[in-house]
Each structure stands twice: as C-alpha cells, then as structure tokens.
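Inspection log for the structure reproduced underneath, given as structure tokens.
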Amino acid sequence: MALRTAMVAELSENAISSEAVAAPFSVVPRHLFAPGESLDVVYDSNTPLVTKTGPDGTALSSVSAAHIQAVMLEQAEIEPGMRVLEIGSGGYNAALIAELVGPQGAVTSVDIDPEIVARARVCLQTAGYDRVRVVQADAEYGVPEQAPYDRILVTVGAWDIPPAWIAQLSERGRIVVPLRFAGLSRCVAFDLAEGRLVSHSYCLGGFVPMQGAGTYSETLVPINGEATLRMDGPDSGFDVPALRKAVHAPRIERWSGAAFDMPDELELFVVTSASHVPFLYASQQLVDQGVFSPAVTYGTAAVVEGGSFAYRTKRENEGLGGWESGVYAYGPQAEAVADRYVGLLRRWAADFRRRGAARIEYLPTSAGVPDGWYVPKRHGVVAVSWR
C-alpha cells in the first residue's frame with residue numbers, strides 16, 4: 001500500500017534507525033486496527049487514533065501515533081525469540097512486536113478495560129496475529145502467568161513503576177515506560193541492574209494515563225481564574241495571594257546569552273536542578289493581554305520563591321544560531337528569582353547541552369534515599385543526575 005510505504009519512509013527520516021524496526025511497519029496493516037478511520041489519518045505518522053472516550057470527551061484509549069511507537073520500539077531493542085509484555089492494548093503495537101519476536105517469541109498484551117481487550121483481540125485476529133495473548137487485568141500487577149519477560153513496553157502514562165513489573169523481568173530485562181515525574185513525562189528505557197532500574201535512553205513522550213491501581217492525579221494550585229500552577233506532588237505551600245498580586249505587576253526580563261534549543265532537555269534540567277518546580281499554565285486571554293508569553297498555554301517550568309516567580313522565554317539571536325534563552329520574572333523578588341533561573345539556563349548550556357545528558361534511575365523504597373535530586377513515588381524513588 002502506497003500510504004503505508006510513505007509512512008515508513010517518513011518514519012525512517014526521524015524515528016526509525018534500524019531495518020529490524022522498519023520491517024514490521026512495512027507489513028502490519030495499521031488500517032485493520034482502526035476500522036472506520038480514513039486511510040490518510042491512519043497512515044499519518046504523527047496522529048494517534050482514539051479508540052475510546054469518556055463522557056466528557058477525554059481520550060481513555062488510543063492506538064498511539066506511529067512515530068512514538070517507532071521510537072519506543074527502537075528503545076526496546078527487541079530481538080527474535082524474546083518474551084514481551086505490552087501494558088495497554090490497542091492491537092497494532094502488539095502486532096509490530098509479534099513481528100519483531102518472530103514465531104519463537106511470545107507477546108502478551110494486558111489492559112484493564114474489557115471493551116478495549118475485546119476490540120484488540122478482534123483486530124489482531126483479523127490481521128492474522130491471533131498468537132498474541134490479550135489479557136484483561138489491572139496492569140499494576142503485570143501478568144505473572146507468562147513471566148519472566150525480556151521486555152516490558154508500557155503504552156500508557158505511568159506515574160510509578162510497580163514492583164510486579166520489576167519482579168517479572170528476566171535477567172536481561174528492559175522496561176520502556178512513559179514515566180511521569182516532576183510535572184513532565186519522558187519515555188525511558190530502563191535496564192535492570194542490581195535490583196534497580198537505570199536509564200539506557202529517554203525521549204519526550206506522553207500517553208493516556210494509566211487506570212486502575214496505578215492511577216494518579218496532579219495537584220492544581222489556582223493563582224486566579226486564568227493562571228494555574230500544576231505539579232505531581234503535594235502543594236508546597238505557595239503564597240497564592242502574593243503570586244496573584246505578582247501576576248498583574250510589571251515584569252522584568254533577563255537574557256542568558258546562551259542558545260535556546262532542545263527545550264525538552266533544558267526543561268528536564270531545570271525541574272531536576274531545583275526544588276519544587278511547578279509548571280505554569282495560563283489562558284490565551286492573559287497571553288493576548290501581554291501578561292505572559294505563548295509558552296504558558298502549553299505549560300512551562302516556573303521557579304517560585306515566596307510571592308515571586310519566573311519562567312523561561314526566548315528571543316531571536318542570529319549570533320547564537322537562531323534563539324537566545326531568557327526569563328520573565330514577577331513579584332517583589334523578581335531580580336533574585338530571575339538570576340537564579342538564568343543561572344540554570346547558563347549552566348545547562350555550558351555543561352549539558354546535548355541529548356541524553358541525564359541519568360534517570362528508579363530505586364525501590366528499600367534502597368534508601370539517593371544522593372542528589374530525587375522525587376518519591378508510591379513504590380520507590382525516581383532519581384536524576386547529570387553527566
């Protein structure tokens with residue numbers, strides 16, 4: 001099919017780096033896992049295919065965009081004969097994995113929703129992949145009957161890594177998971193090493209949140225009706241009245257003299273190099289009024305001190321290759337909080353301005369508190385260091 005061929009060609013430019021991963025995308029009929037969708041939509045590499053929505057229209061399940069599926073499969077490095085557990089069923093990704101493991105391997109896909117499980121089974125059978133086991137269960141507990149697994153691929157947004165996932169890994173096991181921490185989400189490929197998980201690679205990526213025992217909810221701190229601070233952990237006791245006043249006071253701007261690029265890496269550095277960094281979201285109305293820059297409509301890391309705060313911005317600077325990073329700061333301590341944020345921008349640019357400079361680890365609670373930056377979870381601790 002021409003559209004499938006074109007999708008694979010596009011993925012090979014920016015997501016697929018091996019023939020092993022390209023081959024399944026070339027043969028698995030993606031359209032059979034999205035009946036009723038137009039072929040143009042199905043074979044658009046950046047479009048997820050929503051398969052179930054809630055009463056309010058929120059996506060509850062989807063077939064992920066081919067682009068992120070390709071990236072995660074490259075991270076997984078699946079080999080023929082492996083045993084793989086997929087957490088979150090859509091059918092298509094499981095078929096891709098089945099092609100990678102071959103007839104000597106085994107693929108198990110688990111989902112908590114019986115409707116999604118039934119749909120995945122029908123689609124897989126229609127496409128000729130009925131050897132994939134599709135199990136209805138709460139993925140928080142894995143699928144012990146088919147363990148151990150050489151790879152666990154998580155295709156739902158996870159706030160924590162349950163002990164069952166680690167326990168069900170083989171000695172050469174790897175978990176690829178879109179893990180949420182510090183207000184952001186990263187697809188991390190974790191290798192098992194002496195009872196802890198150590199990142200092999202990571203990249204930007206987010207998914208429909210996990211349901212069941214692994215469900216999480218973020219903390220919202222409204223500054224006013226148009227601006228909100230959001231974080232994964234508990235409210236850090238922000239001085240909301242003072243912050244509300246600061247929003248509508250004159251702001252200052254400071255520029256770092258450092259290039260602005262790779263914003264996902266820079267943001268990861270900022271939130272893991274300071275304590276209690278929430279994400280600032282604001283309405284388009286406040287942007288139109290000139291109170292905030294457009295970045296806040298999507299959320300941006302904010303450094304907060306008392307009744308003052310700062311967030312990252314950018315401006316054109318040809319001498320730096322296109323853009324320069326800077327900050328806008330508000331409140332009575334705007335100068336101090338701006339200097340602190342600019343210091344982070346300069347440090348990242350000088351020491352860590354590259355892909356993969358972070359080391360992300362997951363340590364069980366029994367391992368104790370690590371050195372450096374970390375955030376506690378229900379079952380363990382996520383620690384991030386820079387190298």
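If you take OG on Ser325 and NZ on Lys314, they are separated by 11.0 Å, rounding to the nearest 0.5 Å. Put simply, CH2 on Trp386 and CH2 on Trp348 are 8.5 Å apart, with the number rounded to the nearest 0.5 Å. Distance OH/Tyr141 to CD/Gln168: 12.5 Å, rounded to 0.5 Å. From Cys187, atom SG reaches atom CG of Leu153 across 9.5 Å, with rounding to the nearest 0.5 Å. Taken from CG in Asn93 to CG in Leu73, the straight-line distance is 5.5 Å, to the nearest 0.5 Å. In this structure, Ile97 CD1 and Tyr92 OH are separated by 11.5 Å, a value rounded to the nearest 0.5 Å.
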Candidate pair Asp130 and Gln125, rule side chain to side chain donor-acceptor pair (under 3.5 Å), full reasoning: CA-CA 5 Å; Asp130 48 357; Gln125 186 173 26; 4.8 Å; no
Intermediate values then yes/no, side chain to side chain donor-acceptor pair (under 3.5 Å), Thr155 and Ser64: CA-CA 8 Å; Thr155 60; Ser64 303; 5.6 Å; no
Trace of the salt bridge (charged side-chain N to carboxylate O under 4.0 Å, His left out) decision for Arg355 with Asp264: CA-CA 10 Å; Arg355 292 286 177 194; Asp264 55 320; 2.6 Å; yes
Stepwise side chain to side chain contact (heavy atoms under 4.5 Å, CB included) test for His200 and Phe190: CA-CA 6 Å; His200 174 270; Phe190 283 113; over 6 Å; no
Side chain to side chain donor-acceptor pair (under 3.5 Å) between Thr108 and Gln146, worked out: CA-CA 8 Å; Thr108 301; Gln146 306 300 328; 4.7 Å; no
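Salt-bridge annotation for Arg340 and Glu305: present, with a side-chain N of the basic residue lying under 4.0 Å from a carboxylate O of the acidic one. A salt bridge links Arg254 with Glu335; the closest basic N to acidic carboxylate O contact falls under 4.0 Å. Salt-bridge check for Asp239 with Lys245: failed, with every basic side-chain N at 4.0 Å or more from each acidic carboxylate O. Ion pairing of Glu253 with Arg251 is absent here, as no side-chain N (NZ or NE/NH1/NH2) approaches a carboxylate O to less than 4.0 Å. Salt bridge Arg378/Asp160: absent, no basic N to carboxylate O contact under 4.0 Å. Salt-bridge formation is detected for the pair Arg353/Asp261: a Lys NZ or Arg NE/NH1/NH2 atom is positioned less than 4.0 Å from an Asp or Glu carboxylate oxygen. Under the 4.0 Å criterion applied to side-chain N and carboxylate O atoms, Arg180 and Asp232 are assigned as salt-bridge partners. In this structure, Asp150 does not pair ionically with Arg83, as no charged nitrogen and carboxylate oxygen lie closer than 4.0 Å. Electrostatic pairing of Glu79 and Arg151 does not count as a salt bridge here, judged by no charged N lying under 4.0 Å from a carboxylate O.
Side-chain atoms of Gln289 and Gln285, non-hydrogen and from C-beta on, do get closer than 4.5 Å to each other. Side chains of Arg133 and Ser109 form no contact here, defined as non-hydrogen atoms less than 4.5 Å apart. Under the 4.5 Å side-chain criterion, counting only non-hydrogen atoms from C-beta, Val117 is not in contact with Val135. With a 4.5 Å cut-off on side-chain heavy atoms, Tyr149 and Val143 count as touching. Annotation: side chain of Pro364 is not in contact with side chain of His379 (no heavy-atom distance under 4.5 Å). Taking 4.5 Å as the limit, every side-chain heavy atom of Phe260 sits out of range of all side-chain heavy atoms of Thr313. Side-chain atoms of Glu265 and Leu204, non-hydrogen and from C-beta on, never get closer than 4.5 Å to each other. Annotation: side chain of Tyr374 is not in contact with side chain of Val384 (no heavy-atom distance under 4.5 Å).
Each side chain to side chain donor-acceptor pair (under 3.5 Å) pair with one or both residues in residues 17-30, not counting sequence neighbours, appears once here: Ser17-Glu74, Ser18-Glu74, Arg30-Gln69.
Residues Leu344 and Trp255 do not share a hydrophobic cluster, clusters being chains of Ile/Leu/Val/Met/Phe/Trp/Tyr side chains in contact below 4.5 Å.
Connectivity analysis of hydrophobic side chains (ILVMFWY, heavy atoms under 4.5 Å, direct or indirect) links Tyr330 to Val221, Ile223, Leu229, Met231, Phe238, Val240, Leu243, Val247, Leu280, Leu286, Val287, Val291, Phe292, Val296, Val304, Phe309, Tyr311, Tyr328.
The minimum heavy-atom distance between Ala95 and Phe33, with the atom names listed, is CB-CZ, 3.9 Å.
The closest side-chain donor-acceptor pair between Glu37 and Tyr43, if any, does not fall under 3.5 angstrom.
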